[in-house]
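Some notes on the structure that comes next.
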Amino acid sequence: MFRFERKGTVKTAADVPAAVKFAADVTAYLNKQHSLNMKFGVELFGKARIHWYYDIESLDKGVALNAALLQDREYAEMLSKASGLWVEGAIKDTIVSLVG
């Protein structure tokens, strides 16, 4: 089992409400369209960051999901519209192997 995690740093404090709305909307969309059980949260201290995560059974399924997302025009439009909310270069992805 693996956990995919993505975090993004919000550009300004004024952008936080829009970033949280985007996070809720994109999470709901991906859960519905791609049968994920994705969740998101907001970092409480330090920088304004949004964190997304979901678990996946295998890396092969992760690769297949990524291929499907690359073909998903509605998802691409959502990302494009929200691109101004994030510090450039501050979106980071991590895959964690769950062992316990």
Side-chain angles (χ1 to χ4, degrees):
M1 181 74 70
F2 299 89
R3 176 162 291 162
F4 173 87
E5 300 174 354
R6 172 170 287 167
K7 68 180 174 183
T9 305
V10 182
K11 197 178 277 187
T12 69
D15 291 322
V16 170
V20 170
K21 175 153 182 17
F22 165 77
D25 291 347
V26 79
T27 298
Y29 175 79
L30 291 173
N31 285 342
K32 181 179 178 187
Q33 293 301 119
H34 296 279
S35 301
L36 296 178
N37 186 23
M38 179 183 282
K39 297 180 180 175
F40 79 94
V42 180
E43 197 167 315
L44 294 179
F45 304 105
K47 299 189 183 219
R49 287 192 182 105
I50 307 291
H51 295 252
W52 291 267
Y53 62 94
Y54 63 88
D55 294 343
I56 197 156
E57 294 174 16
S58 71
L59 293 177
D60 289 340
K61 289 189 178 193
V63 169
L65 173 63
N66 193 47
L69 292 175
L70 289 171
Q71 300 298 318
D72 187 330
R73 290 183 183 176
E74 191 169 345
Y75 175 62
E77 287 176 23
M78 293 173 86
L79 294 179
S80 179
K81 287 179 184 177
S83 64
L85 297 173
W86 315 104
V87 172
E88 185 152 343
I91 304 253
K92 303 292 182 194
D93 294 344
T94 305
I95 297 176
V96 177
S97 177
L98 300 175
V99 295

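Counting heavy atoms from C-beta on, the side chains of K11 and L85 never come closer than 4.5 Å. Counting heavy atoms from C-beta outward, V26 and Y75 have side chains that approach closer than 4.5 Å. Using a 4.5 Å heavy-atom threshold, the side chains of I56 and I95 count as separate. Residues D72 and Y29 meet the side-chain proximity criterion, which asks for heavy atoms closer than 4.5 Å.
Checked against V20 for a side chain to side chain contact (heavy atoms under 4.5 Å, CB included), the options V10, I50, D15 give a single hit: I50. Each of K92, R49, E43, E88 was evaluated against T9; a single residue qualifies, R49, per the side-chain hydrogen bond (donor to acceptor under 3.5 Å, both in side chains) test.
Hydrophobic clustering (ILVMFWY, side-chain heavy atoms < 4.5 Å, transitive): V87 and V42 are in distinct clusters.
Going from atom CD of E57 over to atom CE of M1 covers 6.0 Å, rounded to the nearest 0.5 Å. The CG atom of L98 sits 8.5 Å away from atom CZ of F2, with the distance rounded to the nearest 0.5 Å. Atom CZ in F22 sits 5.0 Å away from atom CG in L79 (nearest 0.5 Å). Atom NZ of residue K81 and atom CG of residue D25 lie 10.5 Å apart, to the nearest 0.5 angstrom. A distance of 11.5 Å separates CH2 in W86 from OG1 in T12, rounded to the nearest 0.5 Å. Here the CG atom belonging to L69 is positioned 7.5 Å from the CG atom belonging to L36, to the nearest 0.5 angstrom.
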After noting the C-alpha distance and the side-chain angles of L65 and Y54, does the key distance pass the side chain to side chain contact (heavy atoms under 4.5 Å, CB included) rule?
CA-CA 12 Å; L65 173 63; Y54 63 88; 3.2 Å; yes
Check against side chain to side chain contact (heavy atoms under 4.5 Å, CB included), V63 and L59:
CA-CA 6 Å; V63 169; L59 293 177; 5.5 Å; no
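Listed here is the closest heavy atom pair of G8 and I91: CA-CD1, 4.0 Å. Scanning both residues, N31 and M38, for their nearest heavy atoms gives OD1-N, 2.7 Å.
With no hydrogens or angles considered, no side-chain donor-acceptor pair links H51 and E5 at under 3.5 Å.
In terms of modelled atom types and a separation under 3.5 Å, the side chain of T27 and the main chain of A24 share no donor-acceptor contact.
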